[in-house]
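Positions are given from 1, in the same order as the sequence printed here.
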Amino acid sequence: MSKEIQNKAADTLINKGVKFTLKIFGIKIKLSIKPLKLGTLIYISKASLKIKDIPQDDMLQVIGSSKENARPMASIAAYGILNGKLSILFLGRFLTYILLWKLTPKELSSLLSLTIKQSEVTDFFGCTVLTKGINLMEVKAVTSKETTPSGEQSEE
């Protein structure tokens, strides 16, 4: 196994995130997408509500299908990169603008796939289902009917 593959595997295991380079105003900036926080997932969910007319499963078609889809997709990628409440509030619109004007649809698609991989939503949904099942405070309805023991006469 090569050193590069080993380093990427180690970075994934210790939650360093996926690193990439973005060229902004002629300056190369190194960015990373780390595993997303729950608050970031809420911002991403809100942005995904603005996506319209999804024709197929192909991400490039979703991005290119209408100009209304490009902005929410860029917002989702920006929120994944920023991954924090204050940074999303103060820098979210700016980074969305940069991504809209500096990335091709294919690059935005790749960035969105990285964001989705780092969201780890399957673990979160699995935990919510398990937690719902162990809720001891929930009152469960008893559906059994009262029956009289055999041999006794019922009062009528």
Side-chain angles (χ1 to χ4, degrees), residues 1-140:
M1 189 182 290
S2 74
K3 291 282 185 187
E4 184 178 338
I5 293 172
Q6 290 175 351
N7 281 333
K8 285 184 180 182
D11 287 347
T12 303
L13 289 174
I14 59 174
N15 292 331
K16 273 193 168 180
V18 180
K19 297 176 183 176
F20 60 95
T21 305
L22 184 63
K23 193 173 183 179
I24 301 174
F25 305 119
I27 302 168
K28 288 185 179 182
I29 298 175
K30 292 182 181 181
L31 299 171
S32 68
I33 300 178
K34 295 181 180 178
L36 302 180
K37 299 173 187 162
L38 291 175
T40 303
L41 289 175
I42 292 170
Y43 277 100
I44 287 174
S45 296
K46 189 174 180 180
S48 69
L49 293 174
K50 297 176 184 173
I51 298 171
K52 299 177 181 165
D53 301 322
I54 301 176
Q56 295 178 355
D57 293 336
D58 186 18
M59 188 74 73
L60 291 176
Q61 291 229 344
V62 172
I63 295 168
S65 65
S66 68
K67 64 181 180 180
E68 292 90 21
N69 285 343
R71 186 170 300 279
M73 298 296 229
S75 293
I76 290 170
Y79 296 163
I81 294 167
L82 296 171
N83 199 15
K85 183 176 183 174
L86 293 178
S87 55
I88 289 172
L89 289 175
F90 292 117
L91 298 173
R93 292 180 74 179
F94 176 71
L95 187 56
T96 299
Y97 178 82
I98 295 296
L99 295 177
L100 277 174
W101 290 102
K102 295 296 180 184
L103 297 180
T104 64
K106 187 174 183 175
E107 291 170 333
L108 182 58
S109 175
S110 298
L111 197 53
L112 285 169
S113 335
L114 289 174
T115 305
I116 291 167
K117 284 179 187 174
Q118 292 294 79
S119 68
E120 299 175 350
V121 289
T122 53
D123 296 334
F124 175 68
F125 287 129
C127 288
T128 56
V129 170
L130 287 174
T131 305
K132 179 78 174 147
I134 62 169
N135 186 356
L136 299 177
M137 299 298 291
E138 186 176 315
V139 178
K140 303 206 187 270

Distance check, rounded to the nearest 0.5 Å: I33 atom CD1 versus T115 atom OG1? 3.5 Å
Closest heavy-atom pair, Q118 versus K34, reported as atoms and distance to 0.1 Å, is NE2-C, 3.4 Å
When rounded to the nearest 0.5 Å, the distance separating CD1 of I76 from CD1 of I116 is 7.5 Å
I'd like to check the side chain to side chain contact (heavy atoms under 4.5 Å, CB included) partners of K117; sequence neighbours left out, ordered by chain and number. none
If you take all heavy atoms of P72 and I51, which pair is closest and at what distance? CB-CG1, 3.9 Å
With sequence neighbours excluded, tell me which residues meet side chain to side chain contact (heavy atoms under 4.5 Å, CB included) with I42. none
Has N83 got a side-chain atom pairing as donor or acceptor with K37's backbone, closer than 3.5 angstrom? yes
Under 4.5 Å between any side-chain heavy atoms of I81 and F20, yes or no? yes
Here the gap from S119 atom OG to L114 atom CG, rounded to the nearest 0.5 Å, amounts to 11.5 Å
Side chain to side chain contact (heavy atoms under 4.5 Å, CB included) partners for L91, two or more places apart: L82
Return the OG to OH distance between S87 and Y79, rounded to the nearest 0.5 Å. 11.0 Å
State which residues pass side chain to side chain contact (heavy atoms under 4.5 Å, CB included) with A78; sequence neighbours excluded, sorted by chain then number. L95, T96, L99
Quick one: pull up CG in L111 and CD in E107 and give me the separation to the nearest 0.5 Å. 9.0 Å
At what distance, to the nearest 0.5 angstrom, does CE of M73 lie from CG of L103? 13.0 Å
So, for N69 and K50, which heavy atoms are closest and what is the spacing to 0.1 Å? OD1-O, 4.3 Å
